[in-house]
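All heavy atoms count here, side chains included; hydrogens, waters and symmetry mates do not. Each chain gets a letter, A, B and so on, in the order the sequences are listed, and its residues count up from 1.
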Amino acid sequence: SQQGEEDPQALSIQEGENATMNCSYKTSINNLQWYRQNSGRGLVHLILIRSNEREKHSGRLRVTLDTSKKSSSLLITASRAADTASYFCATDPRMDSSYKLIFGSGTRLLVRP
Amino acid sequence: NAGVMQNPRHLVRRRGQEARLRCSPMKGHSHVYWYRQLPEEGLKFMVYLQKENIIDESGMPKERFSAEFPKEGPSILRIQQVVRGDSAAYFCASSPGQGAVNEQYFGPGTRLTVT
């Protein structure tokens with residue numbers, strides 16, 4: 001069964017506003033990663049946060065991780081129309097020596113110009 | 001440094017035919033992963049391979065699906081006797097190898113349509 005669940009499922013904001021997406025998961029993890037997918041395209045890796053980290057920044061992206069609540073959030077500040085995409089969290093549970101990632105169902109972000 | 005390559009990008013097959021999807025990992029990467037994505041859904045893990053070895057195939061359907069990553073050449077995901085429900089985007093990812101960090105790099109995907 002799918003481990004990660006994002007909310008909201010869809011988000012529509014005005015250019016310049018901030019966008020916050022949340023991800024919850026069920027089992028312990030080695031790390032959590034966020035990916036972006038433009039419509040009909042492949043996935044682009046955005047940021048990885050390890051289980052012993054609480055916050056990480058990359059440009060306009062800020063990711064937090066709360067392992068006690070098994071949740072993470074992705075904040076995109078000063079959004080642009082080009083940020084319109086689907087955003088997925090993926091957990092690395094590192095079970096049974098497998099390196100598979102478990103993806104959530106995604107948040108579809110629309111940034112209106 | 002070329003990224004993960006997948007071909008074909010689009011594949012149309014009639015029910016009952018075979019589909020072969022190819023994935024060339026990034027240079028220096030020895031781990032390959034296959035994921036399937038249905039419309040409006042997230043990616044679901046299928047199989048994880050290293051050169052000449054299947055490490056985890058817990059996400060692979062028991063029948064009709066197989067994967068390999070030979071010593072030489074690309075990784076192949078093979079679907080025999082395709083059915084309409086196999087229509088999806090199939091993504092390959094690669095990573096350098098075992099370690100604390102498992103950052104996977106994704107290819108552009110193969111969109112399979114079964115008619």
Handout entry: Those residues that, when tested against B:S75, pass side chain to side chain donor-acceptor pair (under 3.5 Å) (two or more places apart)
Key =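 B:S75 satisfies side chain to side chain donor-acceptor pair (under 3.5 Å) with B:W34 only.
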
Exercise for the section: Give me the contact list for residues 33-46 of chain A versus chain B, heavy atoms only, anything under 4.5 Å, ordered by residue number. Expected result: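 Result: A:Q33, A:Y35, A:Q37, A:G40, A:R41, A:G42, A:L43, A:H45.
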
[X] versus chain A, heavy atoms under 4.5 Å apart: side chain, backbone, both or neither?
X      : answer
B:Q104 : both
B:Q6   : neither
B:S95  : neither

In one Ile/Leu/Val/Met/Phe/Trp/Tyr side-chain cluster, 4.5 Å: [X], [Y]:
X     : Y     : answer
A:I76 : A:I47 : yes
B:V32 : B:F45 : no
B:F69 : B:M5  : no
B:M46 : B:Y35 : no
B:M60 : B:L49 : yes

For the [atom1] atom on [X], are there more than 12 heavy atoms of other groups (residues, nucleotides or ligands in this structure) within a distance under 6.0 Å?
X      : atom1 : value
A:Q9   : CD    : no
A:Q14  : CD    : yes
A:R112 : CZ    : yes
A:R54  : CZ    : yes

Handout entry: Toward chain A: residues of residues 81-89 of chain B with heavy atoms under 4.5 Å
Key =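 When heavy atoms of chain A are the reference, residues 81-89 of chain B contributes no residue within the under-4.5 Å range.
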
Practice task
Identify the residues of residues 105-115 of chain B whose heavy atoms come closer than 4.5 Å to a heavy atom of chain A, ordered by number, or report 'none'.
Solution key: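 Contacts with chain A: B:F106, B:G107, B:P108, B:R111.
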
